[in-house]
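Note sheet for the following structure.
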Amino acid sequence: MNFDLSEEQEMLQETVRQFLDNECPATTLREIFDGEVGFDPALWKGMAEMGLAGLHLPEEYGGAGLEVLDLALVSETLGYMAAPGPFLGHALAGLAIACGGSDAQKSKWLPKLATGDALATVALAEEGGAWLPDQWSVPAGASLSGSKKHVIFADHADLIVVGTAGGGLALVERDAKGLEIKPIDSADRTRRLCEVILADTPAEALPDGEVAATRLRDAALVLLAADAFGGATRLVEMSVEYAKTREQFGVTIGHFQALKHQLANMAVEIEPSRGLYWYAAHALDHVRDEAERTAAIAKAHITDRYMQIARDAVEAHGGIGFTWECDVQIWFKRAMFDRAFLGNPALHRERAATMAGW
Amino acid sequence: MNFDLSEEQEMLQETVRQFLDNECPATTLREIFDGEVGFDPALWKGMAEMGLAGLHLPEEYGGAGLEVLDLALVSETLGYMAAPGPFLGHALAGLAIACGGSDAQKSKWLPKLATGDALATVALAEEGGAWLPDQWSVPAGASLSGSKKHVIFADHADLIVVGTAGGGLALVERDAKGLEIKPIDSADRTRRLCEVILADTPAEALPDGEVAATRLRDAALVLLAADAFGGATRLVEMSVEYAKTREQFGVTIGHFQALKHQLANMAVEIEPSRGLYWYAAHALDHVRDEAERTAAIAKAHITDRYMQIARDAVEAHGGIGFTWECDVQIWFKRAMFDRAFLGNPALHRERAATMAGW
Amino acid sequence: MDLSYGEELEGYRDEVAKFLNASWPLKGDEAKLGWEEQAVRFRERAIEGGFLCRNIPKQYGGSEQEPDVLKAQIIREEFGKAHAPMEPRGIGTMMLVPTLLERGSEWQKEKFVPATIRGDLAWCQGYSEPGSGSDLASLKTRGELVNGEWVINGQKIWTSGAQSADYMFILVRTEPEAPKHAGISYLLVDMKQPGIDVRPLRQMTGGADFCEVFLTDVKTPEDWIVGKRGEGWLVSRTTLKHERNSIGSTQQTRALFSGLVQLAKERNIDGKPAIQNADIRQRLAALEGYVKAHQYAGYRTLTKDAKGESPGTITMMNKIISTNIGHDIARLAIDLLGEDGLLDAGGSGMAAMMSGGHERWISHYMYSLGIAVAGGTANIQRNVIGERGLGLPRDAAAERSSK
Amino acid sequence: MDLSYGEELEGYRDEVAKFLNASWPLKGDEAKLGWEEQAVRFRERAIEGGFLCRNIPKQYGGSEQEPDVLKAQIIREEFGKAHAPMEPRGIGTMMLVPTLLERGSEWQKEKFVPATIRGDLAWCQGYSEPGSGSDLASLKTRGELVNGEWVINGQKIWTSGAQSADYMFILVRTEPEAPKHAGISYLLVDMKQPGIDVRPLRQMTGGADFCEVFLTDVKTPEDWIVGKRGEGWLVSRTTLKHERNSIGSTQQTRALFSGLVQLAKERNIDGKPAIQNADIRQRLAALEGYVKAHQYAGYRTLTKDAKGESPGTITMMNKIISTNIGHDIARLAIDLLGEDGLLDAGGSGMAAMMSGGHERWISHYMYSLGIAVAGGTANIQRNVIGERGLGLPRDAAAERSSK
């Protein structure tokens with residue numbers, strides 16, 4: 001029984017965190033957040049150089065050959081730091097190709113994705129909250145027509161993995177004919193979204209797209225849960241820190257029992273769920289028959305906790321917590337993202353109920 | 001605009017309360033609660049002599065000719081005092097006969113019910129939580145066969161108003177052939193329940209039974225809501241009183257902000273809902289097209305608040321709140337009764353949703 | 001119990017309606033004027049008719065009527081129906097005017113009250129400071145009397161409308177040696193002078209409904225003080241007996257809830273209208289219990305006010321009740337929005353929340369956490385309910401602060 | 001990450017299973033003995049094999065094994081599967097024995113430890129008093145040394161198993177002049193003597209799992225004190241390094257949740273199984289999130305314990321987490337029970353909760369509020385999490401009390 005991280009995994013988190021401490025301190029994060037574009041090529045290049053772009057890709061294609069758990073650990077740290085950038089979409093795209101692509105597709109794309117020389121993303125959602133493979137309706141084929149919503153940094157991607165009707169996946173390249181990309185005003189300005197419109201756009205299906213799509217879905221749920229865990233943990237720390245420094249009535253407000261208990265409740269809500277996302281990630285590589293359901297529960301549970309903690313953190317910061325200047329809002333909006341992306345908790349709870357045979 | 005009680009109504013509540021202060025103080029309440037029977041004929045006789053047995057019955061039959069709101073105000077006070085006895089069933093039975101009975105039925109029963117010389121109750125529920133008129137399945141006719149659950153003090157009643165298939169009502173007398181009454185171990189020992197088994201038992205239908213049954217249902221929902229409001233209000237008072245006297249760490253525990261806020265939250269949960277049951281009661285006599293839905297919402301909302309406040313009150317009393325000796329348990333069990341009797345909040349919320357055309 | 005207003009008051013309603021029918025909208029050439037100018041002319045006539053500024057003496061431009069909360073409610077209802085202008089909105093009419101009437105000197109009343117209620121003068125409030133939120137009395141902005149003038153230095157925050165205000169009423173510390181509450185004075189300050197730097201304070205929604213105001217050697221005459229030196233804390237707590245709008249917040253809450261029901265009808269879950277989903281129906285109906293309780297509690301308060309009786313603890317609870325309902329409505333709305341919760345709130349302020357689009361629910365989701373209800377505020381309200389409402393003993397910390 | 005126990009430990013599991021296979025149930029003539037007698041004989045052999053009483057030295061009847069939380073967990077799992085007796089349940093083994101081993105005198109260890117772990121001696125705990133709940137150190141029961149004997153007068157409450165206990169370990173105030181915490185001593189008392197009056201304390205469920213104990217001139221020898229005079233508070237806080245059962249409470253929670261799911265399958269809503277209702281499904285699945293989080297947090301704690309590393313703040317949270325889950329399960333259960341919630345809990349104690357009938361959910365509904373979690377307890381735990389876990393400053397009141 002070893003339900004804990006390895007030293008390498010702890011070091012991975014520590015390394016990513018130090019990198020972000022140095023390369024994306026609060027001022028930089030704020031610049032990117034407030035900026036027009038929201039994408040910092042240098043920051044992403046640095047992350048790729050650390051190996052984060054290909055962490056989970058096979059070693060034969062230049063990746064580090066690690067597991068979904070390792071990806072999730074990075075995701076936790078990015079969530080903790082509210083790191084802006086295309087990690088989520090890129091990681092999922094690579095995972096899909098590694099899982100469902102032909103040898104030719106893998107050879108063509110994975111080495112470039114592993115180094116970060118090419119940036120990829122995934123186009124899943126369709127109108128009306130159709131996030132899941134069995135809800136996709138863009139007809140599969142040598143060319144695709146339709147519209148995909150909420151595609152992370154599609155405007156910077158070299159490659160888009162597009163979900164197609166029947167639950168398959170297809171590759172669409174940056175300069176493909178009829179491809180139109182419209183940035184959306186996103187609440188979360190660290191992971192900006194685009195609408196992707198395909199008009200008879202050339203595409204190449206992944207041979208094992210159906211398998212890859214379900215793995216992509218489950219991995220995405222786990223990465224969102226991990227990000228949520230990291231972000232919520234950070235918000236508790238920020239709120240505690242504020243309570244230790246802000247004074248009212250002649251004492252720091254952390255003296256007041258009502259606030260103290262609110263902060264304790266926030267910690268109690270999030271701290272236990274660390275192992276839940278660990279296990280969900282672990283299951284994706286090692287306990288396949290529990291993977292799908294545990295991923296759904298982890299995403300629903302932890303992103304719900306994150307959102308509530310984000311609300312509580314605003315309250316704990318008083319009026320200032322409601323301002324644009326206060327960093328809490330950055331995490332608040334990441335919480336909105338993590339909770340809504342790939343579907344609200346209710347959707348995944350209903351899936352979990354169905355999978356349990358309820 | 002006069003959304004308030006009249007002086008007469010305030011005096012009615014005050015009179016009932018004083019009567020119970022004198023005739024059913026804590027020690028008496030405890031004796032009745034702990035006793036085998038749970039029914040105190042003298043106490044009920046006293047209430048009847050005050051006019052409570054026929055408060056809402058027409059004056060021509062010896063009643064006071066008051067409205068459902070007045071019944072509800074009495075119900076609030078009984079809930080506040082946790083008064084044991086058959087008021088609820090008796091009041092509903094009389095209301096049903098006054099609304100749906102023939103002249104002969106009214107002449108025969110209402111004068112005796114108004115004085116309390118005869119005790120009546122209502123038999124509504126059937127197996128599987130079938131509380132409502134459209135769920136009843138005992139076939140109507142000159143004799144009835146079937147089983148009714150959760151009949152308040154049926155073992156002391158002279159007359160039972162029985163719900164029948166098609167949503168009608170019929171009268172069954174105490175000594176009727178084939179009538180079997182089995183006391184049930186009830187959680188709420190102030191309003192004990194029986195199962196009523198009918199085997200080809202002679203019965204007399206109310207001519208306007210369908211109309212009377214829906215009015216009975218809505219009035220019952222309102223009376224339960226009123227009882228819940230009174231009980232919850234009392235529990236808040238008891239908890240506040242305890243916090244003012246119990247000392248820990250050298251001060252009364254009401255000094256601790258966490259408990260203070262818990263008590264404030266309890267008060268905030270119940271205090272605003274006074275007008276909700278008032279209006280629901282008022283609507284039954286004066287705003288007929290809102291009556292059914294408002295009654296459903298009032299019952300669901302206020303009995304839910306009562307149950308949660310009862311849980312909170314146990315916590316606010318610490319270990320002692322969990323004991324049989326502590327009076328909190330009496331109200332706790334009345335809360336369970338008010339919430340479950342005639343169906344859980346979820347049932348009535350779903351009805352309210354349907355009535356709104358949602 | 002009678003939910004109608006009774007014959008006499010319905011007669012009054014007819015009177016109000018008749019006046020409105022004759023007076024609003026303006027007719028003939030006056031109808032061509034701009035809305036603001038029309039409003040000014042209309043208000044003059046409404047004051048003359050005794051419908052507006054009812055609690056303000058005639059000598060200061062009001063209509064000086066006997067307080068009557070039911071008449072006031074009827075006026076709100078009828079003016080609302082006719083879309084006719086009420087008193088100028090804003091903190092000048094709501095807070096400064098009652099304070100001046102109770103505590104101001106004669107010249108102050110004459111100079112400021114008529115112009116404010118006519119809408120000629122706009123005010124902003126200088127109370128909160130970055131370091132003084134729930135503990136307002138710890139404020140640090142200084143006022144010194146130098147050569148017959150107050151010289152003010154410091155910073156205020158959460159000042160609504162500071163950009164467009166003519167004047168500010170401000171709390172400043174003028175007696176630094178006095179104990180906390182006793183060192184504060186209440187001054188009036190001309191906003192159109194050097195040394196005042198107004199910076200919009202952007203909210204997480206992207207809009208800016210509030211400002212920071214930096215004051216550097218800002219000056220105001222010695223006699224622009226309301227009450228005496230060191231009495232500012234008491235002056236700021238002045239409330240005149242007035243025609244409390246007991247059901248205003250319940251009407252807003254009901255409107256918000258109606259919008260939520262509408263949203264549930266428009267959004268889908270699993271390809272069917274969300275309002276058909278059992279879970280959503282339960283949540284909506286449970287919320288409606290709170291909304292309706294709040295509504296009838298408002299009716300009861302209105303009645304008690306009309307009778308001159310105390311409505312009890314409910315008046316301390318209204319804020320937290322509507323906050324709680326607002327939170328629950330916001331949570332359910334964001335669940336109904338689903339993927340649209342990924343979108344930006346629209347970069348705007350409260351205006352976005354009042355708009356018709358779905359993005360108003362994102363704004364509302366964030367506004368439900370807004371400064372009016374955030375942080376210490378809710379806890380302070382629970383203290384008040386616990387201590388003043390339920391009679392529980394005071395906190396040690398609060399005791400210390402009140403000394 | 002590896003959720004198996006690894007080769008070496010699986011080997012150990014085989015060893016445990018082999019022992020159990022050979023030793024339980026007893027065979028031959030021994031199989032005809034009563035269960036208690038069988039348990040005593042079996043325990044002797046299990047101690048000899050190193051499976052029970054692992055942290056107790058051999059000289060006091062234990063098996064004196066190296067601490068190993070994983071081996072301990074495997075033993076629990078395998079003994080559980082075989083329904084084999086573990087150490088005698090109860091507060092004697094769980095609380096008194098570790099305290100004596102750390103703080104008792106030699107003769108105390110010899111006299112009490114072996115007999116207690118054999119199950120020959122039953123203990124009860126005399127800590128709480130009616131006036132001393134969360135503020136335990138304010139206890140008032142007096143102990144006076146008179147002619148070489150302690151004479152004890154006072155009252156204890158929430159004493160489980162007082163009717164059948166041979167001895168009580170009790171906190172009494174022996175130094176009335178000393179400050180609060182410093183005036184308390186830890187004594188051992190023979191329960192079979194005059195002056196001890198045990199009265200069952202009935203709970204709201206109707207059962208009586210606890211007692212009140214009235215002590216009137218109760219006597220115990222001078223040297224039946226553990227630690228020194230006035231050290232009782234510290235002695236009562238003694239905890240040995242032991243093989244913490246990190247996942248016991250998560251297993252109970254999971255079992256309770258499974259029962260709840262089963263209940264949802266059996267009960268109907270609108271004529272269909274409740275588990276098909278969208279609202280019930282949402283509530284169940286949301287609860288499962290908490291249950292699973294608790295489960296994996298337990299695995300992590302077990303691993304950290306096994307490595308000798310600190311699991312962090314989670315160990316302070318476990319009680320409140322399982323309390324919260326218990327509350328939510330109870331609420332959902334009572335909703336599923338519907339009309340059966342009108343029925344009596346069955347007039348019994350914890351036993352009813354463990355039974356198979358639906359009435360156990362009524363018992364559980366009330367027990368979820370039971371004394372272990374009620375009132376001050378949860379708030380005290382939040383204080384601990386806030387202060388020791390998050391490093392927030394201490395309360396003024398608590399500071400005062402600790403002086």
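Lettering of chains follows the sequences in order, A, B, ..., and the numbering in each one begins at 1.
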Exercise. Against chain B, label Arg267(D) side chain, backbone, both or neither, depending on which of its atoms sit under 4.5 Å from a heavy atom there.
Key: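 Neither part, no heavy atoms under 4.5 Å.
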
Quiz prompt | Toward chain B, the part of Ile362(D) with a non-hydrogen atom under 4.5 Å | solution =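 Contact with chain B involves the side chain of Ile362(D) alone.
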
Practice problem: Verify, without hydrogens or angle tests, whether Gln203(D) (side chain) and Thr323(B) (backbone) share a donor-acceptor contact under 3.5 angstrom. | Solution: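 No: the side chain of Gln203(D) does not pair with the backbone of Thr323(B).
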
Practice problem: Without swapping roles, check the side chain of Asn344(B) against the backbone of Asp335(D) for a donor-acceptor pair under 3.5 Å. | Solution: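 Yes; judged by distance alone, with no hydrogens or angles, the pair exists.
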
Practice problem: Under the side-chain contact (heavy atoms from CB on, under 4.5 Å) rule, what do Met307(B) and Ile334(D) come out as? Steps first, then yes or no, please. | Solution: CA-CA 11 Å; Met307(B) 192 72 252; Ile334(D) 209 80; 5.9 Å; no

Quiz item: Which one of Gln329(B), Lys333(B), Arg311(B) has the most heavy-atom pairs closer than 4.5 Å to chain D?
Solution: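 Maximum pair count with chain D is reached by Arg311(B).
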
Self-check item: Most contacts with chain D, counted as non-hydrogen pairs under 4.5 angstrom, among Glu350(B), Arg191(B), Gln308(B)
Solution: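 Maximum pair count with chain D is reached by Gln308(B).
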
Quiz prompt | Other residues, nucleotides, ligands: >12 heavy atoms within 6.0 Å of Lys265(D) NZ | solution =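 Enclosed: over 12 neighbouring heavy atoms sit under 6.0 Å from NZ of Lys265(D).
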
Exercise. Determine whether more than 12 heavy atoms belonging to other residues, nucleotides or ligands lie under 6.0 Å from atom CG of Asp34(B).
Key: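 Yes, enclosed.
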
[atom2] on [Y] to [atom1] on [X], rounded to 0.5 Å:
{"X": "Phe249(B)", "Y": "Ile380(D)", "atom1": "CZ", "atom2": "CD1", "value": "4.0 Å"}
{"X": "Asp135(D)", "Y": "Ile253(B)", "atom1": "CG", "atom2": "CD1", "value": "11.0 Å"}
{"X": "His150(B)", "Y": "Glu339(D)", "atom1": "NE2", "atom2": "CD", "value": "3.5 Å"}
{"X": "Met204(D)", "Y": "Glu325(B)", "atom1": "CE", "atom2": "CD", "value": "13.5 Å"}
{"X": "Phe332(B)", "Y": "Leu369(D)", "atom1": "CZ", "atom2": "CG", "value": "5.0 Å"}
{"X": "Asp185(B)", "Y": "Leu343(D)", "atom1": "CG", "atom2": "CG", "value": "8.5 Å"}

Quiz prompt | Chi angles and distances behind the side-chain contact (heavy atoms from CB on, under 4.5 Å) call for Asp188(B), Leu342(D) | solution = CA-CA 7 Å; Asp188(B) 175 8; Leu342(D) 291 167; over 6 Å; no

Quiz item: Under 3.5 Å, is there a donor-acceptor pair linking the side chains of Ser134(D) and Gln248(B)?
Solution: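 Short answer, yes.
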
Self-check item: Which atom of Gly338(D) lies closest to which atom of Ala340(B), heavy atoms considered
Solution: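 The answer is O-CB, 3.8 Å.
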
Quiz prompt | Structural part of Arg189(B) lying under 4.5 Å from a heavy atom of chain D | solution =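 Answer is neither: Arg189(B) stays 4.5 Å or more from chain D.
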
Quiz item: Going through the checks in order, is the side-chain contact (heavy atoms from CB on, under 4.5 Å) test met by Gln262(B) and Asn379(D)?
Solution: CA-CA 10 Å; Gln262(B) 284 155 1; Asn379(D) 283 340; 3.1 Å; yes

